[in-house]
Each structure stands twice: as structure tokens, then as C-alpha cells.
Novice: 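Sharing a structure with you now.
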Amino acid sequence: MLDQITKSFGAKRAVDALSLAVPRGSLFGLVGPNGAGKTTTLSIATGLLRPDYGRVLVGGVDVWADPPAAKALMGVLPDGLRLFDRLSGRELLRYVGLLRRVPPADIETRSRELLDALGLTGDADNLVVDYSSGMTKKIGLACALIHAPALLVLDEPFEAVDPLSGEVIRGILRRFVAGGGTVIFSSHVMELVEQLCDHLAVVAQGRVVAAGSLDAVRAGESLQRRFLDLLGVAVPSEGVLTWLPSSSDSN
Amino acid sequence: MVAVLVGLKLRLLRNSLRQSAWRVVGLVLATAYGLFLVGLAVTGMVALRFTGIAVGPDVVVIGLTALTVGWTLLPLLASGMDDTLDPGRFALLPLRAREVLPGLVVASLVGVPGLGTVLVALASVVFWATGVLPALAAAAGAVLGVLTCVVLARVVTTSLGAMLGGRRFRDSAAGIVAVLASLSGITLGMGMEAVGRTPNAAELVGSLAALAGWTPFGWAWAIPSDVADGQWGVAAAKLILGVVLVAGLLRAWKTLLDRRLTSPIEARGGGERVGQSGWIDRLTGSSAAGAVAGRCLRYWRRDPRYVTSVAMFLIMPIVLVVSMQLQRQSGENLGPVPWEFLGPFSLAMLVGLSTCQDLAYDGTAMWTHLTSGMPGRADRLGRLIALGVVVGPLFVVLQIAAAALSGRWDLVLPSTAVGLAAALGGAGVASWVGAILQSPAAPAGANPFRTSNGGGLQAIIATTVTLAASGMLAVPVVALAWIGLDRPWAAVAAPIVGLGIGLGSLALGSRLGGAYLDGHWPEVLTNVSEKHA
């Protein structure tokens, strides 16, 4: 649960008194245009960025009052941050597992299953720095899962992931929620959120525009349509950008 | 295009200053320091010109040659190259190297070192301007000389960096840099020695200047000197050599640029598999601190920045030990002091520096530590353990080498005592200071000779504090060891006190540093991130 969180960078207010309740056991989508504050919100929720104001509660534990207790409950996949990429995939998983105090024997079996499920077994002994961006996302997801968290916080988990792996990840997330876990992830692909999530929130300019169960937010329309309505997006009108080459007139 | 690129550099500089007050302070300090050095050089040259001292011209040639050598060596050894205008960023624009090159050359001069060099070169024209011809020769020499400085530095850092960036070369290349730097250090030391021994100093300066004038670094700068002496043929030869050098270097840079403009992606090795290296895991165990130690040990081996650190650790000790040995061989009387023991001591002094840089080297990857909720103390301890595993054997080898070469096995114990205080003490202080002050570092895959635009002041402060602390913590042990040479009680006390100071500093430093990290992880992450928004 996020309560009135606020974060400014200089004069720019990236997140503006944003409050959000993520029900336990839900698969929660966070959608919004570029620069809406999704990454900032998730960073504050996971303890990566200190808010100027506001509280974050995870399962009743205040993230900024008792960080270690709250962090133990969460598995995190940030976007745009590096990994310890001079380790091999297997070494990285073991490293994260040990930092999170998972017993070595469990790390062994869990890594094997995770690498297998995500199709990374063949590359497990290659350095992460040599992975493609999709493979890097997948090993990041494996790192988020290794300690069997109660809550998964994923920033753009489907970006750069091929359709096949995307389906695998969707399966993992569904199974995770079915087992009693909670997932919150950000995306700007409406179809994906519509198909996968049971709850979602639309954020824009650091504020929540709409939040609730999928059907409540959709209000009978397609999510894409509803999203555009909520944000009042103007499609560029005729008469501008006319200097761009158009296919109809062949110069 | 020149105006566009210079404008771009100025704008980037201005924006980076707006981002952080640290950068403003850094720029002010660098400017003050640069102004001081330039003022010294300019007044020196003007004074030499009007006092008409005979060695004046020779000193100017040597000085300017040294300046050119500095342009090439300093980025390699210390500061790194300012890469604000990374040509890789222009890769998507329809530009040829030919079009970008002039702008990049001029933009390289925008900055404290560039402007300082231009000012000094102008002053050298004033120095030589005793007639029309020398003045013209000096002007030509100044233009060529400044071009040599800028372009030579670029070509060397870019090509060597590309070599080091490729992981295939990383070990050997870092070793080569270490050996080259050691050799130049040894040569320099022997040169200084020779100067000291020669009865006629003026003559020696003269021959040194002549030598400098015939190296590629000095061709351009020596032209006006030869003109003033009426040696037209020599002057013409150096002019041609200088022009050919600059033309050749520009051509080389153009080739490098063309490559960068078409393949901007930093070198990636092709799917190298790593062994399971289970011995590291067995060694470090499964605690959080042990996990950090194991990760760091792998990084000391796999990350070119750490490999370069090891090379840097070894340069000073090797230079010291080898040049002492050469002097002994040549029958030089060094007195009763076995200077070889400065080798292990200099290693001990440098140990803490790498701990200062650790968090910056992690970069944004440290989110792994943040989100795991691990105690900051485990982070600090793990890094110290890995450092000890790497440096410990080096220290032992250097101690044995120093003792064997000087024949003073009785000094091993006191020398070790001093080393423990300096090394462990410095590492402990660095664990604390390094937790508080960081600035972004170039990521592992990138050219290690590259610095991110501006900044770096926090790192400089952290390393200075660490060096000073290593020295100060060693002082009491040095005193005890000295007294211990003829009083047994002090000889016994020295190792105990040394170990006590070292371990105390480690315990305190890792505790304080860890506590600071626990409270400030998010801020530390922001400090090492390039982007601030």
C-alpha cells in the first residue's frame, strides 16, 4: 500500500501525493505514458529511492521505517539498472540468494529450476554481460524469485522479451498469484495488462487517474480506448508534420 | 561543424554544472590549480627571456616536451580522458570522420588543461620572439606542439582503451601498462640521478634538451630553438617531422573515429564460458559477507578496472625495488638504510584506495544489495576480505624480495608491522570514507581511460583522506620500529601495535561504514548513477 508518496527532482514533481492500494493476492498492472512516474513510484516502493514525503507499507511493514524487514518480503526487478554482469547467470543467482540468506542447498535446486523454466540453462555459465537484453530481463526475474518472496515488484518485465519467453513469464506470474503471492508490474502495453491483470492503476503526471479492478477501470470499453479517454490524448491533427515523406505522393 | 561541436561541449559542461554543486566546486578547484601552474610557467618563461640566462632555451624545450608527455601519460595513469563528446554518440548522424575531426580537436582544447596548454604555447612564442624569424618559427612550433598534445593523447587512449576493453587482452594489456609505467619510472629515476652526479649541470641540461628535441614529443617545440641557433637544416627537419607526426596522428584518429562512428557499441566478448570456480565459494562460505567477498574476488579477476588496479598496486613497489637494486649494482653507496623496504610499504599505502572506489565500480548494480536488505556491515566486510586475499600474497612476496635483495632479514618483522598499520588502517578508513563519498565511474565494458564528464571530486577527496590516514596510522609504528632497532621492548611492541591499529581501524571502519550504508543506501545509489532524474 502506498500512502501519499511524493518525490521531486529539482523543480519537477515526479510523483505527486500518489496513493495506491494493491490488494493481497492480486496481479496488479501499473500503466501510464512515458514520464508518468511509474519507475519512480516502484523505486520508492522497493526502497531504492527515498521519498520526500509519504509512507509505503508492505504486508503491514513500513518500507522506510524498517527497510530490511520489508525488503525480505519483496522480490524486485528494476528497469534500467545494471546487474553484477561479470558473474555468470548461475553465479549471479547464487549471489543474490546468499545475500537474501537462502540456504545454499535451496539455492542450488531453485536456480536449476528457474534457469530451466526461463530457458537459460544453456547460457548459465556465460557472463551476464554477454546476454541479450531479453535474457538479461529473464535472469533479473529469476533473481527476484530466488528467495520465494510474498510480493513481486517488476518494472517493465516484458520489455525486450520474445513472445515465447513472454508466455513463460506470464505463466510464472499466474502461478505465483495462484499460490497466494502478489504481483505488481508496470507496462505500457495495454493488451498485455488487459489479458494478464485483475487489478490496475492508470498514472499520469505523478498522480493516479484511475484505479481498481480491471472491469471497473475498463467500464465496458477496451483498455486502450479507456486509457486514451482518461488521458485526453490528442492525436496529431492533419496539417502538421506534412513535410514528412508520405507514401501516397511519390516525389 | 566546429562551432556546433564546441557549442555542444560548452552546453554539456554547463548542464552538468547545474546538476550538482560538487561539480562546480571541482571545476573551480581545477581552474585555480590550472591557473597557478600556467601562471608559474608563463612568468618563468618571461623571466627567462629578459634575464637572458644561457640555459633558458633548453629549459623551455624540456618543459614543453614534458608537457606533451604529460598529455599522453596522465590520462593513462591517473585522470582518464574527458569523453564528453564521445564520437559513438554521433553514430546515427550522417557524418564522416573528416567532418567531425576538426570540431573534436578544437573542442578538446575547451577545458582547463586545453586552455592552459594554449596559454603556455602562446607564452613560448613570446619567449622566442627576439626577431621575426624565431617568432615565426615559434608560432609554427606552438601550433604543431598543441596539436601533437591533443591528438597524440586521443589516439593513445582510444587505441589502448579499445585493446583493454576487449576482454581477450585485458590481463596482458594491464600488465603491459604496468611494465611500461615501471620502466619509465626507473628511467626517470636514473636520469635524475645522472643529473645529480654530473659536475657541469648546464651542459647536461643542454644535452637533455637536445635529446628531448629529437623525441616525437619535442620535435615541434624544438624548432624555434634550432632557428635561434641558426641551425636551419635541423629546424627544417624537425618541422617536417612534426608535420608528418601530426598528419599521421590525425589520420590514425580519423581511422579510429570512422570505426567508432560505424560500430559505436562497446566491445563485447563472444560468449566466453566461465568455470564453476567452486573453490571461491568454498573459501568464502555462504554468509552475506562471504558472498560479497566471493563476488569481489571474481571481479578482481574478470573486471578490467580491477585488473588495472592490481597493475597500479605493483608499479610503485617494482620501480622502487628495481631502481634501488640497479644502483647497488652500479656500486652506488646508499648508506645504511635498506630502501628496498619502501616497496612493500608503498603497496600498503595504496591498498585502501581500491576500497574507496568499490561502490562506484559497482555502479547501479548495487540495487541488488539495496533490495536484499542485507546489513551494510556485511557489504564492507566482504569487500575487505576479497582485498586481503588479493593483496596479502603480493605483500608477502614484496617483503621477501626486499629482505632478500637488501640482505636485511632482521627488518622483515618491523617492516611488516608498519605495513599492517598502513594497509589495514587505510582499508578500514576507506571502508568508512568510501561509504560516504562516491562519484560515478566508467562502467566495466567501457574504455577504462575514460572519465564521465566533470565530477570525480568526491572520489578525489575520499582517496586523499585515505592516503593521509594510511600515513598517519603508520607513524606511531614507524616510531616504535625505529626505537626497536636498539631497544628490544620496542621491537616487540611494534608488531603488536601495528596489528592493533590495523585491526582496530578495520573493525571501526567497517562498523561505521556499514551503519552509514544502512541509513543512506538510496543516496549512495543516486551518487553512483550517471543520470540524476
Novice: Of all of A:Thr39, A:Leu48, A:Val76, which one pairs up most often with chain B through heavy atoms under 4.5 Å apart?
Specialist: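 Going by pairs under 4.5 Å, I would pick A:Leu48.
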Novice: Less than 4.5 Å to any heavy atom of chain A: does that hold for the side chain of B:Leu525, its backbone, both, or neither?
Specialist: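 Only the side chain of B:Leu525 comes within 4.5 Å of chain A.
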Novice: Anything in residues 96-120 of chain A with a heavy-atom distance to chain B below 4.5 Å? Please list those residues in order.
Specialist: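 From residues 96-120 of chain A, the residues near chain B are A:Val96, A:Leu98, A:Leu99, A:Arg100, A:Arg101, A:Pro104.
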Novice: So which bits of residues 133-147 of chain A come within less than 4.5 Å of chain B, counting non-hydrogen atoms only?
Specialist: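 Checking residues 133-147 of chain A against chain B gives no residue, so none.
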Novice: Counting heavy-atom pairs closer than 4.5 Å to chain B, which one of A:Ala72, A:Pro78, A:Pro68, A:Ser43 comes out on top?
Specialist: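 Looking at each option in turn, the highest pair count goes to A:Pro78.
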Novice: Tell me, with the steps shown, if A:Ser165 and A:Asp162 meet side-chain hydrogen bond (donor to acceptor under 3.5 Å, both in side chains).
Specialist: CA-CA 5 Å; A:Ser165 308; A:Asp162 64 73; 3.0 Å; yes
Novice: So A:Pro149 and A:Leu73, do their side chains get closer than 4.5 Å, heavy atoms only?
Specialist: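 No, every pair of side-chain atoms sits at 4.5 Å or beyond.
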Novice: Do B:Thr364 side-chain atoms and A:Leu81 backbone N/O form a donor-acceptor pair below 3.5 Å?
Specialist: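 Checking the backbone N and O of A:Leu81 against the side chain of B:Thr364, no donor-acceptor pair under 3.5 Å is found.
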Novice: Between B:Met374, B:Glu523, B:Met366, which shows the greatest number of heavy-atom pairs under 4.5 Å with chain A?
Specialist: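 Highest number of heavy-atom pairs under 4.5 Å: B:Glu523.
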Novice: Quick check: does any side chain N or O of B:Gln357 sit under 3.5 Å from a backbone N or O of B:Ser354, one acting as donor and the other as acceptor?
Specialist: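 Side chain of B:Gln357 to backbone of B:Ser354: no pair is present.
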Novice: Would you mind reporting whether A:Met74 and A:Val63 have side-chain heavy atoms less than 4.5 Å apart?
Specialist: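 When only atoms from C-beta onward are counted, A:Met74 and A:Val63 do touch, with a gap below 4.5 Å.
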Novice: With a 4.5 Å heavy-atom cut-off, do A:Trp64 and B:Pro522 have their side chains touching?
Specialist: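 Side-chain contact under 4.5 Å: yes.
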Novice: I'd like to know if the side chain of B:Tyr299 reaches the main chain of A:Arg86, judged simply by a donor and an acceptor atom lying under 3.5 Å from each other, with no hydrogens or angles considered.
Specialist: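 Yes: the side chain of B:Tyr299 pairs with the backbone of A:Arg86.
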Novice: Given side chains that start at C-beta, do those of B:Val389 and B:Leu297 come closer than 4.5 Å, heavy atoms only?
Specialist: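 Yes - at least one pair of side-chain heavy atoms lies under 4.5 Å apart.
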Novice: Out of B:Gly294, B:Ser372, B:Ala378, which one racks up the most heavy-atom pairs below 4.5 Å with chain A?
Specialist: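 Heavy-atom pair counts peak at B:Ser372.
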Novice: Compare all side-chain heavy atoms of A:Leu30 with those of A:Phe185 and state whether any distance is below 4.5 angstrom.
Specialist: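 They are not in side-chain contact.
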Novice: Are any non-hydrogen side-chain atoms of A:Leu87 and B:Arg295 less than 4.5 angstrom apart?
Specialist: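 In short, these two side chains touch, coming nearer than 4.5 Å.
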